[in-house]
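Have a look at the structure below before the remarks.
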Amino acid sequence: MVYLYVGMAGACGAILRYFIGITLLTGSLFPWATLITNLAGSFLLAWLSTSLFKRISISPSVAIAISTGFVGSFTTFSTLSVETIQLFENQHILVGVVYILASLVGGLFMSRLGFKGGK
């Protein structure tokens with residue numbers, strides 16, 4: 001049953017990510033939509049892990065569905081990787097480096113905020 005939960009939650013996370021991708025800052029050289037979803041997902045996963053899942057009674061199957069399914073499909077390392085390579089190939093080296101640093105440092109910062117917010 002957990003596979004079904006993960007699949008359903010994953011579909012929801014992927015749809016939300018797609019919606020953000022087509023509505024948020026499209027046409028910009030900088031991949032804002034991916035950065036924003038990845039930062040939001042970093043915060044959300046950390047917050048869920050330290051707060052919601054510990055404060056309310058939730059089955060392990062539902063927790064896995066939300067974290068692995070929803071948040072896992074909402075965020076995307078592969079898109080970050082492809083977009084960075086495309087920036088490099090199109091000679092936008094500085095933008096690519098800023099994107100990598102913003103993603104890494106921002107993701108760690110947002111995770112930290114999520115952990116602190118959850119405690």
Side-chain angles (χ1 to χ4, degrees):
M1 199 64 178
V2 71
Y3 295 105
L4 181 61
Y5 293 155
V6 169
M8 291 182 340
C12 293
I15 289 168
L16 180 59
R17 194 219 173 288
Y18 178 73
F19 175 76
I20 290 171
I22 62 172
T23 59
L24 184 68
L25 303 167
T26 56
S28 172
L29 174 64
F30 195 86
W32 289 105
T34 304
L35 178 64
I36 290 169
T37 56
N38 285 343
L39 295 180
S42 294
F43 174 85
L44 183 61
L45 185 59
W47 180 78
L48 289 170
S49 299
T50 57
S51 180
L52 186 64
F53 293 159
K54 292 182 179 183
R55 293 182 186 184
I56 65 170
S57 177
I58 191 169
S59 78
S61 296
V62 173
I64 290 170
I66 293 169
S67 59
T68 301
F70 181 80
V71 179
S73 67
F74 177 66
T75 60
T76 174
F77 184 78
S78 58
T79 302
L80 180 144
S81 300
V82 168
E83 289 171 342
T84 302
I85 295 301
Q86 289 172 337
L87 288 168
F88 289 164
E89 287 180 347
N90 291 315
Q91 306 305 312
H92 301 292
I93 306 302
L94 182 58
V95 175
V97 170
V98 168
Y99 182 40
I100 291 169
L101 291 174
S103 297
L104 179 61
V105 174
L108 292 171
F109 177 76
M110 293 303 287
S111 291
R112 183 71 180 141
L113 281 180
F115 282 123
K116 282 188 171 219
K119 289 185 178 183

Side-chain heavy atoms of [X] within contact of [Y], under 4.5 Å:
X: Thr50; Y: Lys116; value: no
X: Leu87; Y: Leu29; value: yes
X: Phe88; Y: Val97; value: yes
X: Phe74; Y: Ile20; value: yes
X: Phe77; Y: Asn38; value: no

Do [X] and [Y] belong together in a cluster built from hydrophobic side chains that touch within less than 4.5 Å?
X: Ile66; Y: Ile56; value: yes
X: Val2; Y: Leu45; value: no
X: Ile93; Y: Ile100; value: yes
X: Leu39; Y: Phe115; value: no
X: Met110; Y: Val98; value: yes

As an exercise, state the distance from [atom1] of [X] to [atom2] of [Y], rounded to the nearest 0.5 Å.
X: Gln86; Y: Ser81; atom1: CD; atom2: OG; answer: 11.0 Å
X: Phe19; Y: Leu24; atom1: CZ; atom2: CG; answer: 9.5 Å
X: Thr75; Y: Leu44; atom1: OG1; atom2: CG; answer: 9.5 Å
X: Asn90; Y: Ile85; atom1: CG; atom2: CD1; answer: 11.5 Å
X: Leu113; Y: Leu108; atom1: CG; atom2: CG; answer: 11.5 Å
X: Leu48; Y: Phe43; atom1: CG; atom2: CZ; answer: 9.0 Å

Distance-minimising heavy-atom pair for [X] and [Y]:
X: Leu80; Y: Ser103; result: CD1-OG, 3.0 Å
X: Gly41; Y: Val71; result: O-CG1, 3.7 Å
X: Ser42; Y: Gly107; result: CB-O, 3.5 Å
X: Ala65; Y: Ala9; result: O-CB, 3.1 Å
X: Tyr99; Y: Glu83; result: OH-OE1, 2.6 Å

**Asked** Do the side chain of Ser73 and the main chain of Gly10 share a donor and acceptor less than 3.5 angstrom apart?
**Response** yes
**Test item: Arg17 side-chain N/O and Cys12 main-chain N/O as donor-acceptor pair under 3.5 Å** = no
**Message:** Quiz question: by atom type and distance under 3.5 Å, do the side chains of Ser59 and Ser61 form a donor-acceptor pair?
**Reply:** no
**Prompt:** Parallel, tilted or perpendicular: which describes the rings of Trp32 and Phe30, with under 30° parallel and over 60° perpendicular?
**Reply:** tilted
